[in-house]
Structure formats: structure tokens, C-alpha cells
4 protein chains.
Amino acid sequence: MQVTDGRSLAAQARRAQIVDAAIEVIAAAGFAQCSFGRIAKHAGLSSTRLISYHFEDKSELIQAVVDTVLGEATRYVQPRIAAAADRRAALAAYVTSNLEFVRDHPTRVRALVEIFAGARNDDRLTTSDTPRAVAIEFFRAGQQEGVFRRFDPEVMATVLRAAIDAVAMRPDVDHAAYAVELVELFDRVTRADPAPDTGAPRPAHADPGAEPQHPRRAADRGTERTGR
Amino acid sequence: MQVTDGRSLAAQARRAQIVDAAIEVIAAAGFAQCSFGRIAKHAGLSSTRLISYHFEDKSELIQAVVDTVLGEATRYVQPRIAAAADRRAALAAYVTSNLEFVRDHPTRVRALVEIFAGARNDDRLTTSDTPRAVAIEFFRAGQQEGVFRRFDPEVMATVLRAAIDAVAMRPDVDHAAYAVELVELFDRVTRADPAPDTGAPRPAHADPGAEPQHPRRAADRGTERTGR
Amino acid sequence: MQVTDGRSLAAQARRAQIVDAAIEVIAAAGFAQCSFGRIAKHAGLSSTRLISYHFEDKSELIQAVVDTVLGEATRYVQPRIAAAADRRAALAAYVTSNLEFVRDHPTRVRALVEIFAGARNDDRLTTSDTPRAVAIEFFRAGQQEGVFRRFDPEVMATVLRAAIDAVAMRPDVDHAAYAVELVELFDRVTRADPAPDTGAPRPAHADPGAEPQHPRRAADRGTERTGR
Amino acid sequence: MQVTDGRSLAAQARRAQIVDAAIEVIAAAGFAQCSFGRIAKHAGLSSTRLISYHFEDKSELIQAVVDTVLGEATRYVQPRIAAAADRRAALAAYVTSNLEFVRDHPTRVRALVEIFAGARNDDRLTTSDTPRAVAIEFFRAGQQEGVFRRFDPEVMATVLRAAIDAVAMRPDVDHAAYAVELVELFDRVTRADPAPDTGAPRPAHADPGAEPQHPRRAADRGTERTGR
DNA sequence: TATGAATGAGTGTTCATTCAT
DNA sequence: GATGAATGAACACTCATTCAT
């Protein structure tokens with residue numbers, strides 16, 4: 001009975017099996033219909049007792065589903081962001097790799113979205129590192145670097161996550177095309193305005209007092225755009 | 001016993017009372033927890049029988065909720081869109097009035113979003129005129145007029161609706177600020193690129209009143225689009 | 001407001017309409033599923049209140065169904081029996097006309113059979129002149145005339161009624177063929193044995209002390225049989 | 001936890017207890033009134049939950065009732081038929097043993113008849129080997145052997161079954177007398193007519209042991225039948 | 001580690017009936 | 001003569017959970 005993280009290997013395998021069954025049930029029938037009975041039937045277990053044996057209660061099972069899928073997604077997306085040459089490429093990588101993960105694991109992502117949509121506060125889901133929070137931080141950093149224009153990072157993060165999650169719920173979507181569109185969309189809407197070549201006053205919403213944008217980098221981006 | 005639309009006034013009032021109670025229950029506890037029992041308790045009814053007396057079915061009640069809220073929203077938003085000077089102003093009016101409706105009726109919108117998120121296909125909700133479909137048509141028309149750049153109208157509509165609906169689920173949001181941000185965001189991301197041949201400076205916000213859209217220019221942009 | 005039997009013509013018509021609807025519901029869905037709600041829906045009534053207005057309670061409605069159909073059947077069958085030349089022809093007429101009535105009014109007979117099969121003692125159905133009682137009397141009379149052999153009239157009546165009622169529940173049956181078979185069957189099984197041409201003792205079950213059978217009539221029947 | 005047929009002994013006992021209670025409720029109150037609540041009360045169970053725990057469905061419970069009683073009846077009747085010297089004796093044994101079973105287990109047979117009368121097609125009862133089908137086959141075989149006269153086996157089987165089932169619904173009946181009558185009745189109505197060419201006297205009851213059936217005679221009767 | 005048995009609360013829905021016009 | 005509104009009881013069924021091995 002080898003033990004890691006306080007659980008034997010057999011128990012870990014059982015938990016994983018149950019989590020997988022739960023994911024499939026949720027994705028197929030929705031969070032509301034995800035009962036121990038359904039999961040047990042889907043997993044071929046003789047009784048629901050096996051589930052309540054391995055999980056303290058239902059919310060612990062749901063928590064395990066969230067942690068599992070979120071972990072997988074993070075392990076897929078993060079290195080692709082880290083490999084990006086600069087922050088704008090990172091944004092593109094973020095969108096692209098997220099949509100790739102959705103494409104490759106539609107069931108798991110659907111389950112996640114269903115849970116986030118259906119769970120209530122009293123279900124006591126703890127998601128310390130919610131994707132939205134990560135995105136907010138990402139945009140804030142980009143703005144401090146002067147790569148992104150001035151906008152409310154929370155709003156933009158909300159829109160970004162909503163746009164990605166929406167794909168998971170539309171099974172008919174062409175992921176590749178959607179990805180191209182979304183990359184273009186968020187590139188347009190986040191990029192800093194080009195430095196005005198005349199002395200004309202800047203548009204009101206760009207705060208002149210903020211970190212000035214490096215002309216060189218802006219120019220780079222300009223040509224980059226032209227080349228597309 | 002005056003009768004409109006085939007139902008007595010008393011019955012209409014009861015139905016409205018029940019629909020309102022259902023909305024509040026759904027917004028507070030979620031679609032999954034919206035049972036006749038909860039609704040009856042919330043509305044102070046003596047038994048759930050009163051609900052099944054006035055509604056054939058649970059799905060008929062949910063349908064009534066959807067029709068009610070969707071009707072209210074449409075009656076609020078549509079005249080504001082119609083009053084806009086041109087399509088880009090209409091887009092701003094769309095975003096703004098939608099967010100105003102969310103701000104003024106957060107409970108009702110939350111209920112609607114919960115239903116759309118939680119309902120499955122076999123719940124047979126009939127929403128002939130789903131908001132997303134309306135938005136798709138809106139963007140398509142704007143592209144034909146040459147006011148919007150080339151993008152996939154379905155993707156854009158998905159993002160637009162997702163962005164608006166997301167607000168309803170975040171009760172802490174500053175609606176006014178959010179509205180300003182979203183207007184700016186969707187203006188940037190939809191507007192047609194400036195004609196590349198003139199070096200003339202372009203105002204950051206194209207004032208629709210100052211620069212009337214001529215069919216000819218729309219045609220120009222058309223060729224421009226073709227060149228991509 | 002003309003009145004017969006204590007009820008106005010309009011009320012009589014309504015009652016008949018409701019009775020007809022009840023018959024169709026019972027025949028189609030069974031006695032157990034025959035609820036006021038179903039009847040009202042089938043008859044196109046806006047509420048069940050109309051039914052409970054015209055009938056004291058459910059058992060009165062069922063009683064009305066029984067009386068109606070039983071009356072119709074009696075009015076069809078009785079003259080045909082009365083027109084028969086002798087009792088054996090009357091038996092044939094009984095079987096034949098009963099099956100004709102079943103053929104022509106399958107729905108009504110089905111309803112009747114469903115009621116008799118499904119009703120319990122506490123449903124307080126009063127059928128003073130039940131078909132089985134009539135048949136018992138018929139066989140008893142035939143035996144006294146010496147036309148029928150010795151058998152238990154109750155058993156024979158039970159079998160006769162069961163055989164006829166069974167047809168109503170088998171919608172695929174060829175009524176004409178069934179009628180021919182049943183006539184032959186009950187003729188064979190009821191007819192008095194031919195007078196033994198030897199002095200051999202009669203079979204045990206024929207009580208020699210009972211009314212002697214008229215040789216002439218028995219002979220008639222014998223030739224009649226031979227001619228078939 | 002010994003296990004037979006995939007169920008523990010305890011579970012089998014519980015199921016049997018519930019089935020027995022269901023039988024008694026159905027026989028006493030009718031199929032329509034057979035609810036989980038009534039069964040639970042009759043069996044002294046604390047809640048209906050115990051029933052739905054041991055049976056997937058109400059229809060599974062009813063199916064269990066049918067299988068149980070039909071199995072018992074078959075196990076009683078079949079060896080008695082098999083022990084009969086010839087087919088006519090088998091017919092007598094069929095009637096007699098059926099009525100004996102009815103006499104000894106009136107409640108169980110009543111329940112069975114109630115179910116068959118009250119169940120509808122959508123109750124999806126699977127009775128592959130319905131008693132009527134067995135009877136049809138029995139008569140067909142007897143005709144091929146030349147033991148039975150020409151008649152429609154389906155009609156005869158319908159009458160036979162209806163006659164037997166009717167007894168179960170008449171609690172006041174003298175089973176022994178009824179059995180004697182029915183045996184006589186179906187013997188008379190099924191037996192082949194005597195060959196018309198010989199003037200030899202024919203015993204009222206053909207003793208099967210005395211007059212062995214020769215294939216040749218069967219052929220004779222075959223042509224005789226063709227002549228009708 | 002696993003599991004069969006049991007359970008009370010709650011689901012939507014149907015029922016015949018009563019009340020008040 | 002007709003009807004809309006209301007109601008308590010019962011229906012089969014599902015739920016997560018506890019008990020006892």
C-alpha cells in the first residue's frame with residue numbers, strides 16, 4: 001500500500017475514475033443532473049456508496065473535478081505562454097492554446113464551465129487561482145509595460161474568459177477559425193494606439209501621464225501588423 | 001371576470017406573481033434549485049398545487065419567465081437602438097442600454113442567464129428570437145453597410161453576448177464604468193480600418209455626425225476588404 | 001326548459017356528451033386512467049367542474065356509462081333473440097348479435113368490459129340485470145324445455161360471457177369468423193345428447209329423473225346437424 | 001453475503017416479501033389501486049423507499065409479480081399435463097390442474113388476472129410465454145394428431161383461458177364442480193366427430209385407454225374435415 | 001477497501017372535490 | 001347552466017447520506 005499525498009495508489013486511481021465519470025456526466029447532462037446515482041451508473045459501480053466512501057461529500061467531488069481540469073488546462077497553456085517572444089505574442093498564445101485545449105478536451109472544459117455556471121456560493125468551491133484572476137494580472141502587467149493601451153483589466157479579463165468559455169458550450173464551432181478571429185479581436189482591442197506622428201492631442205482615454213510607450217516597440221508592432 | 005388573451009385578470013395576476021417569485025428564486029439559488037416548493041414558500045402560497053394549477057408544466061413556467069424578462073429587455077433596448085443616428089451609435093446604444101437594463105433589473109437578468117446556462121435541450125425552451133441571433137444579424141448588416149470591418153459575425157456576437165451576460169453574474173461590478181469600457185472595446189474591434197491611401201490623421205473616435213457614411217465609401221472599403 | 005326524467009334537455013345532452021367522452025377515454029386508456037381531467041380534455045371542456053356539476057361524483061358517471069351501453073346492447077340483442085324460431089336458434093342469435101354489437105361498437109363494449117374488470121365493490125355499481133344473470137336464466141329455461149343437455153347453467157353462462165367479452169379486448173379479431181366458431185362451439189356444448197338407439201345406460205351426468213327429452217325434437221336436431 | 005442470480009439472499013427475501021405484499025394488495029384492491037404506499041403499509045415497511053430501492057421501477061415490480069405467479073402456476077400445471085396418457089387426458093389435466101391452482105392460490109391468480117386486465121401496452125409487460133399462446137399451440141398439436149376436431153385454435157384458446165380466468169374473479173365458486181363441468185365442456189367441444197360410415201354405437205365418453213389413436217384414423221378424419 | 005441495505009426529505013405531477021360566483 | 005380558482009392528498013421517483021458489515 002504505497003502512499004502519496006496521504007492516499008494509496010489504489011484509492012488515487014479510484015478517485016480518478018470517479019472524477020472522470022463525473023466529468024462525463026456533467027458535460028453530457030449538466031451540473032444539476034450530476035448525482036451520485038448517475039455517476040455510479042456511468043462508471044459501472046454497483047452502488048453510490050463507493051463515491052461517498054472516497055469523497056467526504058458531493059462538494060469535495062466537485063472540487064476534485066475543478067482541480068483536476070484546471071490543473072490540466074494550466075499545464076497545457078502555461079508553457080505556451082512562457083514560450084512567447086513578447087507579451088502580445090503571449091496574448092495570442094493564451095487565446096490559441098486555450099482554444100486548443102477546448103478543442104482537444106471539450107468534455108472536460110464543458111464540465112468546468114457547467115460547474116462554474118451552476119455552482120453557488122454555499123457549494124464552497126475554492127478556486128484560489130481562477131482563470132479570470134490570472135488574466136487580470138496578465139493585462140495589468142502588459143499595461144505597465146506599455147504594450148497594452150489603457151483599459152480596465154477586469155473588464156477585459158471578463159470578456160476574454162467569457163469569450164473562451166462560450167466556445168466550450170457551442171459544440172458546432174470551428175475551433176481554428178474561432179481562434180484566428182479571437183486572436184485578431186483581442187489584439188486589436190488591447191494594443192496601444194500608435195504614437196501620434198503629429199503634435200495633435202492624444203485621445204482622451206489614453207492617459208498621457210502614464211508610462212510612455214516606447215516608439216520603437218510601437219513601430220515594431222506597426223510593421224508586424226502591416227505584414228499580416 | 002374580464003378576460004384578455006384567454007386568461008382572466010385574476011389568473012394573469014397570479015401567474016405574474018408566480019413568475020416573479022420564480023425569478024427571485026432562480027436568481028438567488030440557481031436554476032437547479034428552483035423547485036415548486038421553493039417558489040411557493042417564497043411567494044407565500046399555501047401549496048405548490050397553485051403553481052401547477054396555473055402552469056401546465058414546470059417548463060411552461062420557465063418559458064413564462066424567459067418570455068417575460070426577454071420581453072421587458074427588448075422593450076427597453078430596442079427603442080434606444082432605433083433612436084441612434086447610425087449603426088455605430090446603435091452598437092454603443094445596444095451595449096449601453098443592455099447594461100442599463102442589467103443594472104436596473106439585475107435579478108431578472110440573472111434569472112435569465114441562469115436559465116439559459118442550466119437548461120438542456122430536452123427542456124424544450126423556445127426562444128425564436130434569441131439575443132445572440134439578433135446580434136449576429138446586427139453585425140452582418142453593419143458589414144454590408146461598410147461600417148464594420150470584416151470579422152465573423154457569429155464570433156463577434158458570441159463575444160458581445162458573453163460579455164454582457166457576464167456582468168449580470170458579477171454583482172459587484174460598476175455598471176457605468178463597465179458600460180464605457182465595453183462601448184469603447186466593441187467600437188474598436190468592429191470599426192472598419194481607415195482607408196490606407198491618405199496620410200491624413202484619423203480621429204480616435206469617428207464622430208458619426210461629422211462623417212456621414214456615403215455608399216461610395218462603403219464600396220471603397222469593400223474592395224479594401226477583398227484585398228485582405 | 002323542457003324537462004324529462006327530472007332533467008332538462010340541455011342537461012341531458014351535456015350528460016350524454018360527457019358519457020361519450022368517458023367511454024372513449026376508458027376504451028383508449030383503460031378504466032384506471034379515466035380521470036375527470038382526461039375526460040374534460042377529451043371532450044374539449046375548459047374545466048372538470050362541468051363534469052362534477054352534472055354528476056354527483058365519479059361513480060355516478062361510471063354508472064351512467066354502464067347503463068347507457070348496457071341499454072344499447074340490450075336494445076340491439078333482445079329483438080334478435082325474440083325473433084328466433086326456437087331456443088337453439090335463440091342461442092345462435094344471442095352469440096351472433098352480441099358479436100355484431102361488439103363489431104359495430106367496439107369502443108363502447110371495450111369501455112364496459114374495462115369497467116367490469118376494473119371496478120371494485122366499493123365503487124357501488126348497481127347492475128341489477130347483469131348479462132351473466134340473463135344468460136343463466138336462458139340456459140336454465142332451455143334445460144327445462146329439454147333442448148339443452150344437463151350442465152351447470154352458471155358455469156355455462158360464465159363461459160359464454162367470458163368468451164364474448166374477450167373478443168372486445170382483442171381488436172385484431174375477425175368478428176364474422178369468430179361468431180361462426182362460437183355459435184358452433186356453444187351449439188355443440190349445450191345440445192342435448194341424441195336419444196340412445198340402444199337400451200344402453202345414459203351417461204352418468206345426464207340425470208334420467210329430469211324432464212325427459214322429446215324424441216321428436218331431438219331427432220329434428222339430429223337431421224339438422226347432419227345437414228350442416 | 002451468499003449470492004445467487006446476482007442478488008444476495010437478504011435482497012431476494014426482501015423482494016419476495018414485497019412481491020407477496022403487492023399480490024395481496026392487487027388481489028384485494030385491484031391493479032389500479034396498487035401503489036407503493038399501499039404495498040408498504042400492507043407489508044409493514046417504514047417507507048416506500050424500500051420498494052424503489054429493491055425494484056428499479058414500478059413496472060419491474062409488476063413484472064416480478066407476473067413472473068413469480070406464472071412460474072408457480074407453470075410448475076404446478078406442467079407435470080400434470082405431462083403425466084396424462086394422451087392429449088385428451090392432457091386437456092382434462094390442463095383444466096383440472098389450472099382450477100386446482102386457482103383454488104389453492106386464489107389471491108395470486110386474481111392478482112395475475114387483474115394485472116393482465118389492467119395493464120396497458122405502454123406498461124411494457126414481457127410475457128414471452130403467455131398462457132393463451134401455450135393453449136393455442138396445444139390445440140393445434142391435438143388437431144394435427146387428429147384427436148381434436150377442426151376449430152379455430154385461437155378462438156378455442158381464448159375461450160378456454162377466459163373460462164379459467166373468470167373463476168378466479170368469482171370467489172364464491174365451487175371449484176370442484178366447476179372443474180368437472182369445464183372438463184366435460186371442453187371435451188365435448190374439442191373431440192373429433194365419430195366416423196359417420198359405421199352405425200356402431202359410440203361411447204359418450206371416449207375412453208382414451210380403450211381406443212388407441214391410430215395414424216390411419218387420424219387420416220380418415222382429415223379427409224372428413226376436408227369435406228366440410 | 002469496498003458494498004448492500006436502508007431511509008427521510010423532496011421532486012413534479014395528478015387526483016376528485018369544494019368554494020364562490 | 002356553467003365556470004375559474006383553489007386545495008390537500010396521493011402518486012412514482014430521485015436525492016445524498018448513514019448503518020453495519
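What you are looking at is a predicted structure, and each value in this text was computed from that prediction instead of being measured. Just so we're on the same page: letters track the sequence lines, and every chain starts at 1.
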Query raised in the report: Does the side chain of L45(C) reach to within under 4.5 Å of the side chain of I39(C), using non-hydrogen atoms?
Result: no
**Report entry** Length of the line joining L50(A):CG and dA5(E):C1', which is rounded to integer Å
**Finding:** 16 Å
Query raised in the report: Can you tell me how far P of dA16(E) sits from CD1 of I51(C), to the nearest Å?
Result: 9 Å
Query - Test item: F55(B) and L50(B) side chains (from C-beta on) under 4.5 Å apart, heavy atoms - result: no
Query - Carboxylate-amine/guanidinium proximity below 4.0 Å for K41(A) and E56(D) - result: yes
Report summary line: Separation of dA5(F) atom C1' from F55(B) atom CZ, nearest Å, is 14 Å
Query raised in the report: Would a 4.5 Å heavy-atom cut-off, applied to side chains only, mark T107(A) and E24(A) as touching?
Result: yes
Report task. Measure from CD on Q63(D) to C1' on dA12(F) and round the result to the nearest Å. Result -> 18 Å
Report task. May I have the distance from L45(D) (atom CG) to dA5(E) (atom C1'), rounded to whole angstrom? Result -> 13 Å
Query raised in the report: How would DNA chain E look in dot-bracket form, 5' to 3', counting Watson-Crick and G-U wobble pairs with both distances under 3.5 Å and writing | for bases paired to another strand?
Result: .||||||||||||||||||||
Query raised in the report: Quick one: CD1 on I62(A) to CG on D67(A), what's the gap to the nearest 0.5 Å?
Result: 11.5 Å
Report summary line: In 5'-to-3' order, the base (B), backbone-only (S) or no-contact (-) status of each nucleotide in nucleotides 14-21 of chain F, using a 4.0 angstrom heavy-atom cut-off, is BBBBBBB-
Query raised in the report: Between H105(B) and E72(B), do the side chains contain an N or O donor and an N or O acceptor separated by less than 3.5 Å?
Result: no
Query raised in the report: Is H54(A) near enough to dA2(E) that one of its side-chain N or O atoms lies under 4.0 angstrom from OP1 or OP2?
Result: yes
Report task. Rounded off to whole Å, could you give me the CZ-to-C1' distance for the R14(A) and dA2(E) pair? Result -> 8 Å
Report task. Establish, with yes or no, whether the OP1 or OP2 oxygen of dT7(E) is under 4.0 angstrom from a side-chain nitrogen or oxygen of S46(D). Result -> yes
Report task. Rounded to the nearest angstrom, tell me the gap between atom NZ in K41(D) and atom C1' in dA9(F). Result -> 12 Å
Report task. Would you indicate, yes or no, if dA6(F) has its OP1 or OP2 atom less than 4.0 angstrom from a side-chain nitrogen or oxygen of Y53(B)? Result -> no
Report summary line: Quick note, S47(D) side chain, CB onward, closest among dG8(E), dT3(F), dG4(E) is dG8(E)
Query - Basic-acidic side-chain contact under 4.0 Å: E60(A), R15(A) - result: yes
Report task. Not counting sequence neighbours, which residues clear ring pair (Phe, Tyr, Trp, His ring centres under 6.0 Å) with H54(C)? List them please. Result -> none
Query raised in the report: Roughly how many Å is it from CG in L61(C) to C1' in dC15(E), rounded to a whole number?
Result: 15 Å
Report summary line: Rounding to 0.5 Å, atoms CD1 (I23(C)) and CZ (R110(C)) come to a distance of 13.5 Å
